[in-house]
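Reading through the structure tokens given below for one structure.
Count residues from 1 along the sequence.
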Amino acid sequence: MKMFDLKGAVLGLSKPSIVSLLNAIELYKGKTLSVSKIKKVDALKSIARRSAVLASNAIGSVYITEEREKALFIKGSQPQTLEEHMVCGYSQAIDLINSVYKFQPFDRSFISTLHYYIYKDYNPDFGGRFKDSQNYIQEAMPDGSFRTIFVSSAPEEVLPLLDNLIYQFNLCAADEDCNKLVLIATFMLDFMCIHPYNHGNGRVSRLILDFLLKKFGYDVDEYYAVGYLMRQHLGEYIDAFEASSKNWHDNDNDYEPFVTFILKRILEAYRKLDYIMEVNALETTSEEKVLKVVVDSATPISKNVVVNILYATSQATIEKALAKLLKEGRIQLITKGRYSKYFRT
């Protein structure tokens with residue numbers, strides 16, 4: 001059976017590349033301490049929330065249409081399918097996290113509660129129950145087949161492994177020598193390798209990430225979803241997990257690839273949030289703000305992304321600005337139709 005040495009793993013990752021990422025995160029964390037006081041912050045939080053819910057579920061191959069997304073999140077419609085129930089359950093789990101993270105202990109019961117929330121309104125008997133059969137972590141291939149990346153722990157190993165992992169996590173969390181972000185990422189890797197539930201493990205791991213980041217004072221996920229960036233870098237996510245899970249059962253795995261990936265996404269979220277604060281604070285016209293967002297983008301950018309970045313500006317105003325900038329030749333339209341994107345000229 002796997003033997004954990006969480007403190008040893010965390011301390012062993014005190015490498016220049018890791019330390020550099022941690023220092024950068026702390027710098028941006030300091031720069032964004034005032035984010036809760038910015039204009040229309042509730043709109044920014046709402047965008048982050050929807051991005052987190054939809055992206056994390058999509059990583060787990062749970063999708064809903066754009067029309068149903070609007071119906072559920074904007075019109076308040078009731079979920080109809082299993083997928084919609086899981087999306088809404090994930091959203092409710094985030095609500096739970098936001099209401100309890102300051103005082104909720106991190107224990108097995110709470111982790112199972114997060115899993116329960118995903119399924120509670122559709123199949124409550126399934127939610128929160130540990131697996132009763134062997135499961136595998138697989139990658140969907142372009143031809144429709146699946147490639148097995150990792151064989152998780154056996155069902156009879158789940159409780160002793162998970163309890164020991166949580167026990168060691170809480171010991172390390174109280175140890176000043178253990179960096180909290182490295183500890184969180186290391187825990188995520190081990191949790192995923194245990195894979196304690198029949199389904200929904202990846203989504204629970206991302207809920208755990210959200211909970212622990214907030215608990216330790218890193219609230220970037222509330223304003224810019226780390227899970228959204230994980231989906232944007234899905235290939236790297238899979239590669240990092242595969243590299244770090246190799247030889248896990250033999251206690252000879254390398255946590256660095258996965259920890260580095262998670263730290264990079266946290267840092268990217270802080271950078272994105274810093275940019276959003278910067279561009280929305282500019283004392284200029286909405287048209288110039290739209291132009292800046294398009295010009296600053298390294299790749300063609302969709303209207304929806306522009307709307308999300310300029311969250312304090314109405315969609316109608318942004319659409320008008322895009323049309324004017326196009327007419328003046330200051331930007332160009334790369335693709336037309338529903339998925340149209342804009343780019344600098």
Side-chain angles (χ1 to χ4, degrees), residues 28 31-32 34-59 63-75 87 90-91 94 98 206 210 213 219-234 264-282 284-326 331 333-335 337-344:
Y28 276 97
K31 291 178 66 176
T32 56
S34 61
V35 65
S36 62
K37 301 177 182 179
I38 62 177
K39 183 180 178 181
K40 297 184 179 180
V41 69
D42 286 344
L44 180 61
K45 292 166 71 173
S46 177
I47 291 169
R49 164 76 164 277
R50 287 173 63 182
S51 295
V53 172
L54 296 172
S56 187
N57 276 278
I59 293 173
Y63 305 96
I64 59 173
T65 65
E66 186 175 342
E67 290 74 19
R68 288 302 296 163
E69 171 197 339
K70 292 178 179 178
L72 294 171
F73 286 96
I74 298 177
K75 298 179 182 179
V87 165
Y90 193 98
S91 181
I94 292 179
N98 289 337
R206 291 181 286 278
D210 179 50
L213 284 175
D219 60 351
V220 64
D221 215 28
E222 191 164 359
Y223 306 102
Y224 199 98
V226 177
Y228 169 78
L229 295 174
M230 292 171 74
R231 188 192 180 195
Q232 295 299 107
H233 298 271
L234 185 57
K264 283 183 176 180
R265 301 292 75 78
I266 294 171
L267 175 57
E268 186 179 1
Y270 271 114
R271 284 175 170 161
K272 297 282 190 182
L273 177 58
D274 184 63
Y275 177 78
I276 288 173
M277 294 175 65
E278 174 193 330
V279 72
N280 280 279
L282 291 174
T284 187
T285 64
S286 297
E287 182 182 318
E288 291 301 317
K289 289 181 181 179
V290 171
L291 177 61
K292 176 175 174 55
V293 171
V294 175
V295 170
D296 286 348
S297 179
T299 57
I301 187 171
S302 69
K303 181 187 69 177
N304 286 341
V305 173
V306 177
V307 169
N308 287 346
I309 292 173
L310 297 176
Y311 71 94
T313 304
S314 73
Q315 181 169 325
T317 299
I318 291 172
E319 290 173 346
K320 183 178 179 181
L322 286 169
K324 185 178 180 183
L325 290 168
L326 275 174
I331 62 174
L333 185 63
I334 301 301
T335 55
R338 184 176 182 181
Y339 301 104
S340 60
K341 292 187 177 182
Y342 304 86
F343 202 46
R344 55 181 176 264

- Query: side-chain contact (heavy atoms from CB on, under 4.5 Å) with S34: which residues, sequence neighbours excluded?
  - Reply: M277
- Task: Using salt bridge (Lys or Arg N to Asp or Glu O under 4.0 Å) as the criterion, list what pairs up with K40, not counting sequence neighbours.
- Result: none
- Message: How long is the straight-line distance from CD of Q315 back to CG of N308, given to the nearest 0.5 Å?
- Response: 9.5 Å
- Sequence neighbours left out, what passes side-chain contact (heavy atoms from CB on, under 4.5 Å) with L234? Give chain and number order. I59, Y237, I238
- List in chain and number order the residues that pass salt bridge (Lys or Arg N to Asp or Glu O under 4.0 Å) with E66, two or more places apart in sequence or in another chain; answer none if no residue qualifies. K70, R338
- Query: Is R265 salt-bridged to E268, going by a charged N under 4.0 Å from an acidic O?
  - Reply: yes
- Which pair of non-hydrogen atoms, one from L229 and one from A269, has the smallest distance, and what is that distance? CD1-N, 3.4 Å
- Item | Nearest non-hydrogen partners of L326 and L333, listed with the distance | CD2-N, 3.5 Å
- Message: Using side chain to side chain contact (heavy atoms under 4.5 Å, CB included), reason through L54 and Y228 one step at a time and then give a plain yes or no.
- Response: CA-CA 8 Å; L54 296 172; Y228 169 78; over 6 Å; no
- Which pairs with one or both residues in residues 272-282 pass salt bridge (Lys or Arg N to Asp or Glu O under 4.0 Å), sequence neighbours excluded? K31-D274
- For S36, check side chain to side chain donor-acceptor pair (under 3.5 Å) against everything at least two apart and list the hits. none
- For T317, what residues pass the side chain to side chain donor-acceptor pair (under 3.5 Å) criterion, not counting sequence neighbours? S314
- Does anything in residues 220-233 pair up under salt bridge (Lys or Arg N to Asp or Glu O under 4.0 Å), and if so which pairs, sequence neighbours excluded? K45-E222
- Pairs touching residues 293-306 that satisfy salt bridge (Lys or Arg N to Asp or Glu O under 4.0 Å), sequence neighbours left out: K292-D296, K303-E319
- Closest heavy-atom pair, Y275 versus V293, reported as atoms and distance to 0.1 Å, is OH-CA, 3.5 Å
- State the CZ-CD1 distance between F343 and I331, to the nearest 0.5 angstrom. 11.5 Å
- Value for CG (N98) from CG (D210), rounded to nearest 0.5 Å, stands at 6.5 Å
- Nearest heavy atoms of A48 and A225, plus distance in Å: O-CB, 3.5 Å
- Rounded to the nearest 0.5 Å, how far does CD1 of I38 lie from CG of L273? 6.5 Å
- The reported gap from CG in N280 to OG in S286 (rounded to nearest 0.5 angstrom) is 9.5 Å
- Task: Using the side chain to side chain contact (heavy atoms under 4.5 Å, CB included) rule, take V220 and T32 through it: C-alpha gap first, then chi angles, then the decisive distance, then the call.
- Result: CA-CA 8 Å; V220 64; T32 56; over 6 Å; no
- Task: For E287, check salt bridge (Lys or Arg N to Asp or Glu O under 4.0 Å) against everything at least two apart and list the hits.
- Result: K324, R330
- Query: Excluding sequence neighbours, so at least two apart, what forms side-chain contact (heavy atoms from CB on, under 4.5 Å) with T65?
  - Reply: E67, R68
- Item | All side-chain contact (heavy atoms from CB on, under 4.5 Å) counterparts of R49, not counting sequence neighbours | V53, S91, I94, D95
- Can you measure from CG (L282) to NZ (K289) and round to the nearest 0.5 angstrom? 6.5 Å
- Task: Would you confirm whether S56, through its side chain, and A52, through its main-chain N or O, come within 3.5 Å as a donor-acceptor pair?
- Result: no
- Item | Heavy-atom pair of closest approach, residues R206 and Y90 | CB-OH, 3.7 Å
- State, with a plain yes or no, whether a side-chain heavy atom of L325 is found less than 4.5 Å away from one of V294. no
